[in-house]
Chemist: 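Dropping a structure here in structure tokens format, bear with me for questions.
No experiment lies behind these values; they were computed from the predicted model shown. When a residue number appears, it is its place in the shown sequence, counting from 1.
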Amino acid sequence: MLLTVILLLVVAGIAYAVVFLPKSGRNAAGGPSGADLSGSAGAAPGSSPAPSSGADDGKGAGRPPGAGTPQTTTPGDLAPGFALRTDPAGFQIAVPKGWQRRTGPERGQVRYTGGGYELLVVPGRDTTARFGADPLAYQQDAEPELAAFRGAGWSSAAGLRRIDVGQTAMAEGTFSWRDGGGRQVYARNLAMIDRGRYHLVLVIGPEAGRAAVDRFYAQASSAYRPEQP
């Protein structure tokens with residue numbers, strides 16, 4: 001009798017393990033099945049925004065407004081008070097409405113002026129064959145439009161950096177100096193290489209008008225496009 005009872009208990013224990021334990025183990029964690037997990041993991045990358053393709057090279061962090069890789073600009077993208085102009089010198093740029101255009105005094109310069117501020121554009125005057133293919137070095141050491149900065153008795157520069165996007169190399173900087181009349185000048189500058197030539201966008205204004213200079217520069221630099229052959 002005792003042996004029979006023991007045998008029955010053993011058989012019952014084995015039967016319980018076969019019937020109940022596999023199912024309990026599969027759901028013990030209360031989580032999704034293997035198929036559910038793979039589906040969830042596969043959806044994550046697609047739901048995340050793709051990283052930006054713009055190269056920073058020290059330029060992106062703390063980048064001033066409007067700087068960085070120029071983006072396609074249409075009239076609908078412009079801030080109020082700006083107009084997109086196609087200049088006879090062979091470029092497109094955003095200019096505050098009402099500003100007057102003139103050329104010179106230096107060769108290859110186009111100037112838009114208004115209210116004590118100036119937007120100066122040089123579309124491809126200087127070549128990389130003469131000045132080298134480093135826009136940061138060109139901006140700091142050779143750009144004629146910044147000669148007043150380099151020759152001033154007091155001057156300072158900030159945010160000097162370079163961006164390389166594809167085959168396009170650019171550099172920008174923020175410059176302050178005291179001109180010959182004692183006026184404190186504030187400027188934002190972009191130097192860009194296109195087909196072996198330097199293209200410049202420079203906005204100059206009074207030190208007290210930094211916010212306005214930044215705004216004019218943001219619109220001009222993002223909208224600038226050299227004429228394509």
Side-chain angles (χ1 to χ4, degrees), residues 54 59 63-131 133 135-136 138-139 142-149 162-163 165-175 185-206 209-229:
K59 189 175 180 73
R63 182 174 165 75
T69 310
Q71 303 297 316
T72 301
T73 302
T74 66
D77 297 328
L78 297 178
F82 289 83
L84 197 62
R85 296 197 186 184
T86 300
D87 194 274
F91 60 87
Q92 170 188 286
I93 199 164
V95 179
K97 294 178 180 178
W99 281 26
Q100 301 300 309
R101 180 191 185 276
R102 61 187 177 89
T103 57
E106 299 296 330
R107 178 180 63 87
Q109 292 181 344
V110 176
R111 295 172 180 258
Y112 290 91
T113 58
Y117 297 88
E118 181 175 62
L119 166 60
L120 193 157
V121 184
V122 182
R125 176 195 58 204
D126 298 334
T127 66
T128 55
R130 178 181 178 185
F131 291 96
L136 190 58
Y138 170 81
Q139 174 180 245
E143 183 179 322
E145 284 63 35
L146 289 175
F149 162 78
R162 170 174 172 158
I163 295 179
V165 180
Q167 299 301 311
T168 302
M170 295 175 283
E172 69 171 2
T174 298
F175 302 88
V185 178
Y186 174 71
R188 296 284 302 277
N189 185 77
L190 171 71
M192 176 177 69
I193 298 176
D194 180 68
R195 287 167 290 162
R197 291 186 173 273
Y198 280 98
H199 293 253
L200 310 177
V201 176
L202 175 65
V203 180
I204 304 173
R210 279 175 171 258
V213 170
D214 288 342
R215 186 163 56 92
F216 299 149
Y217 175 81
Q219 294 294 310
S221 62
S222 63
Y224 181 77
R225 294 292 179 279
E227 187 177 66
Q228 298 299 314

Chemist: Does the pair Y112 and F216 meet the rule for a side-chain contact (heavy atoms from CB on, under 4.5 Å), with working shown?
Modeler: CA-CA 11 Å; Y112 290 91; F216 299 149; over 6 Å; no

Chemist: Would you check if Y138 and T128 make a side-chain contact, meaning some heavy-atom pair closer than 4.5 Å?
Modeler: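 Not in contact.
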
Chemist: Give the minimum heavy-atom separation between V201 and L119, together with the two atoms involved.
Modeler: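 That closest heavy-atom pairing would be CG1-CD1, 3.9 Å.
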
Chemist: What pair of heavy atoms forms the shortest contact from R101 to R85, and how long is it?
Modeler: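 Distance-wise, the nearest heavy atoms are CB-NH1, 4.3 Å.
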
Chemist: Do you know which two heavy atoms are closest between G205 and Y117, and how far apart they sit?
Modeler: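 The pair with the smallest heavy-atom distance is CA-CD2, 3.7 Å.
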
Chemist: With no hydrogens and no angle check, is any side-chain donor or acceptor of Q228 less than 3.5 Å from a backbone partner on P226?
Modeler: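 Yes; at least one donor-acceptor contact below 3.5 Å.
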
Chemist: Measure the spacing between CD1 of I93 and OG of S222 and express it to the nearest 0.5 Å.
Modeler: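 Nearest 0.5 Å value for the CD1-OG distance: 9.0 Å.
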
Chemist: Are the side chain of Q167 and the backbone of V165 linked by a donor-acceptor contact shorter than 3.5 Å?
Modeler: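 Not at all, since once roles are kept as given, no pair shorter than 3.5 Å links the two residues.
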
Chemist: Work out which heavy atom in N189 is nearest to a heavy atom in F175; give both atom names and the distance.
Modeler: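 Closest heavy-atom pair between N189 and F175: CB-CE1, 3.8 Å.
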
Chemist: Quick check: closest heavy atoms across P135 and A191, and the distance to 0.1 Å?
Modeler: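 P135 and A191 have their closest heavy atoms at CB-O, 3.9 Å.
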
Chemist: Find the distance between CZ (R188) and OG1 (T174) and round it off to the nearest 0.5 Å.
Modeler: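 R188 atom CZ to T174 atom OG1 measures 4.5 Å (nearest 0.5 Å).
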
Chemist: How far apart are the C-alpha atoms of Y224 and H199, what are their side-chain angles, what is the distance that settles it, and do they pass the side-chain contact (heavy atoms from CB on, under 4.5 Å) test?
Modeler: CA-CA 9 Å; Y224 181 77; H199 293 253; 2.7 Å; yes

Chemist: Say you draw a straight line from CG of L120 to CD of Q109; how long is it, rounded to the nearest 0.5 Å?
Modeler: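 Result: 4.5 Å between the selected atoms.
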
Chemist: Could you pull out all residues at least two apart from A148 that satisfy side chain to side chain contact (heavy atoms under 4.5 Å, CB included)?
Modeler: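 Partners of A148 by the side chain to side chain contact (heavy atoms under 4.5 Å, CB included) criterion, ordered by chain and then number, come out as W177.
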
Chemist: CD/Q92 to CG/L84 distance, rounded to the nearest 0.5 angstrom?
Modeler: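 These two atoms lie 4.0 Å from each other.
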
Chemist: For the pair R111 and E106, find out whether any cationic side-chain nitrogen is under 4.0 Å from an anionic carboxylate oxygen.
Modeler: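 No, no charged N to carboxylate O under 4.0 Å.
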
Chemist: Restricting to non-hydrogen atoms, name the atom on R125 and the atom on R197 that form the minimum distance, rounded to 0.1 Å.
Modeler: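 That would be O-NH1, 3.3 Å.
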
Chemist: Can you see whether Y198 engages E143 through a side-chain donor-acceptor pair at a distance of less than 3.5 angstrom?
Modeler: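 Not at all, the side chains of Y198 and E143 share no donor-acceptor pair under 3.5 Å.
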
Chemist: For R210, enumerate each residue passing the side chain to side chain contact (heavy atoms under 4.5 Å, CB included) test, keeping only those at least two apart in sequence or located in another chain.
Modeler: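 Partners of R210 by the side chain to side chain contact (heavy atoms under 4.5 Å, CB included) criterion, ordered by chain and then number, come out as S176, Y186, E207.
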
Chemist: Rounded to the nearest 0.5 Å, how far does CZ of R195 lie from OG1 of T168?
Modeler: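 If we round to the nearest 0.5 Å, T168:OG1 and R195:CZ are 10.0 Å apart.
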
Chemist: Can any side-chain N or O of Q139 pair as donor or acceptor with the backbone N or O of E172 at less than 3.5 Å?
Modeler: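 Here the side-chain-to-backbone pair exists.
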
Chemist: Take V185 and F149, measure what side-chain contact (heavy atoms from CB on, under 4.5 Å) needs, and give me the verdict at the end.
Modeler: CA-CA 9 Å; V185 178; F149 162 78; over 6 Å; no

Chemist: A side-chain contact here means heavy atoms from C-beta on lying under 4.5 Å apart; do D87 and V121 qualify?
Modeler: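 Contact flag for D87/V121 side chains = no.
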
